[in-house]
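Accompanying notes for the structure given below.
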Amino acid sequence: MALASGVRFAPRALLRPWALLRGTTLGRTEPAAGGGGDGARRFGSQRVLVEPDAASGVAVMKLRNPSNALSLELLTELVISLEKLENDKTFRGIILTSDCPRVFCAGLDLTEICGRNPAHCAEYWKAMQELWLRMYLSSLVLVAAINGACPAGGCIIALSCDCRVLADNPKYRIGLNETLLGIIAPFWLKDTYVNTIGHRASEQALQLGSLFPPAEALQVGLVDQVVPEDQVQSTALSEMARWLAVPDHARQLTKNMMRKATADRLLRQRDADTQNFVSFVCRDSIQKSLQAYLEKLRQRKG
Ligand SMILES: CCCCCCCCCCC/C=C/C(=O)SCCNC(=O)CCNC(=O)[C@H](O)C(C)(C)COP(=O)(O)OP(=O)(O)OC[C@H]1O[C@@H](n2cnc3c(N)ncnc32)[C@H](O)[C@@H]1OP(=O)(O)O
């Protein structure tokens, strides 16, 4: 598998991605609901469903994990699906959305870093870096159709797209709320925030751990459109058409020019970033607060 970073990244899951997917449907195609014609074959895995439309060159990618928490399996399946579409010259754009009611993506799967050994935490964080690098530098147009809550790691996924459309529901808040969990956004995530909403707004939002409701997210520039929930998909398609109206080579080179320095900064310090992450999350105090937070989430449900 070609990696966004070159040679240094080799987590077990990505060296043997198919092992994780045994018993899933990744790689198999099936007719899309209501489809059947050319370009209406969908494919997917347990956690990522891809509905490709060859005629328009646009694929809809739907996350379907519980709360779309970014488990190692979900990260792996996302990278594989993205790579599959990148390598198929039929496709020019992806609309990323959620198949889970009310949640776009709940962020890092905290069970992947709570009570786990350092080696697992390192493997997990490398998979997170890999997904971000691939999405941030993707040659395809990525539009996030945000149809649910979008905290922390969910916001990372949205920020790595080219354009964000958010459903107008006050419960669907978006932002990097890490500080409220007692954790810290890494520098590359901070850089992505600054690139999107500017330095002062990022400084405030990161320190306060702000989760923005739709109108505020629009005002600060975190999302590009806020629309009624039933129009998220159609608006994402209109945005996609606007981006695809630009010749690919010019848009791709411009995207690369805008984003390369940010991505390169992580590529230069990837191992150190992994070590920082692991030593931070494996601290007793951080483990205790993650445990307490997870417990609170579980109780809130009942
Ligand atoms: C100097 C050193 C520098 C290094 C620093 C390292 C720090 C790294 C920072 C990395 C950046 C990213 C961080 C993150 O992403 S942390 C995760 C943040 N996410 C959240 O805070 C969201 C938590 N979840 C919620 O608020 C709600 O679940 C949500 C609004 C998303 C959905 O609400 P809903 O009511 O629909 O669903 P439930 O709350 O009932 O949840 C359903 C089940 O899902 C479980 N759940 C939810 N979120 C998570 C999660 N993030 N991880 C694991 N599990 C999660 C929840 O417990 C329920 O589970 P059960 O069904 O089993 O009860």
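We count ligands from 1, going down the list as the structure has it; atoms in each ligand are counted the same way. When reading the values below, keep in mind they use all heavy atoms of this one structure, side chains included, and skip hydrogens, waters and symmetry mates.
- Evaluation of the ring-ring contact (aromatic ring centres under 6.0 Å, His included) rule for Phe104 yields no partner, not counting sequence neighbours.
- Taking the charged nitrogens against the carboxylate oxygens, Arg270 and Glu130 do have a contact shorter than 4.0 Å, which makes a salt bridge.
- What you find for Cys100 and Ser67 is that their closest heavy atoms are SG-N, 4.1 Å.
- Ligand 1 has a nitrogen or oxygen under 3.5 angstrom from a nitrogen or oxygen of Ala106.
- Screening Thr111, Asp109, Asn65, Thr76 for a side-chain hydrogen bond (donor to acceptor under 3.5 Å, both in side chains) with Ser71, the sole residue that qualifies is Asn65.
- Atoms of ligand 1 lying under 4.0 Å from at least one heavy atom of Gly107, given by number and element, are 15 (O).
- Here's the thing with Thr111: none of its N/O atoms is less than 3.5 angstrom from an N/O atom of ligand 1.
- Of the N or O atoms in Leu181, none lie within a sub-3.5 Å distance of an N or O in ligand 1.
- Residues in residues 193-225 take part in no ring pair (Phe, Tyr, Trp, His ring centres under 6.0 Å) pair, two or more places apart or across chains.
- By heavy-atom distance, the residue among Arg300, Lys171, Arg102 lying nearest atom 29 (C) of ligand 1 is Arg300.
- Put simply, the residue from Val79, Val48, Leu131 that forms a side chain to side chain contact (heavy atoms under 4.5 Å, CB included) with Leu74 is Val48.
- For ligand 1, the atoms sitting less than 4.0 Å from at least one non-hydrogen atom of Asp109 are 52 (N), 53 (C), numbered in the order shown with element in parentheses.
- The nearest non-hydrogen atom to atom 5 (C) of ligand 1, considering only Val281, Ile184, Val278, Asn68, comes from Ile184.
- Close contacts of ligand 1 with Gly153, meaning ligand atoms under 4.0 Å from a residue heavy atom, involve 12 (C), 14 (C), 15 (O).
- When the shell of 6.0 Å around CG of Asp230 is examined, it contains more than 12 heavy atoms from other residues, nucleotides or ligands.
- Contact annotation for Phe187 and ligand 1: no heavy atom of the residue comes within less than 4.0 Å of the ligand.
- Only the side chain of Asn177 comes within 4.0 Å of ligand 1, counting heavy atoms alone; its backbone N, CA, C and O stay farther away.
- Backbone and side-chain nitrogen or oxygen atoms of Leu110 are examined, and one is located within less than 3.5 angstrom of a nitrogen or oxygen of ligand 1.
- Gln225 and Glu239 are linked by a side-chain donor-acceptor pair at a separation below 3.5 angstrom, with hydrogens and angles left out of the test.
- Counting only N and O atoms by type, the side chains of Glu86 and Ser138 include a donor and acceptor under 3.5 Å apart.
- Relative orientation of the Trp125 and Phe277 rings is parallel, given thresholds of 30° and 60° on the angle between their planes.
- Which parts of ligand 1 touch Pro151 is read off a 4.0 Å heavy-atom cut-off, strictly below it: atoms 22 (C).
- Close approach to Arg298 involves these atoms of ligand 1, each under 4.0 Å from a residue heavy atom: 57 (O), 63 (O).
- Residue contact annotation: Pro66 has no non-hydrogen atom under 4.0 Å from ligand 1.
- No donor-acceptor contact under 3.5 angstrom links the side chains of Asp191 and Thr262, judged on distance only.
- Considering both main-chain and side-chain atoms, Leu108 comes within under 3.5 Å of ligand 1 through a nitrogen or oxygen pair.
- Listed by number with element, the atoms of ligand 1 under 4.0 angstrom from any heavy atom of Ala152 are 13 (C), 14 (C), 15 (O), 18 (C).
- The Val103 neighbourhood of ligand 1 comprises atoms 31 (C), 32 (C), 36 (O), with distances under 4.0 Å to a heavy atom of that residue.
- Comparing heavy-atom distances from atom 23 (C) of ligand 1 across Trp125, Phe280, Tyr293 singles out Tyr293 as nearest.
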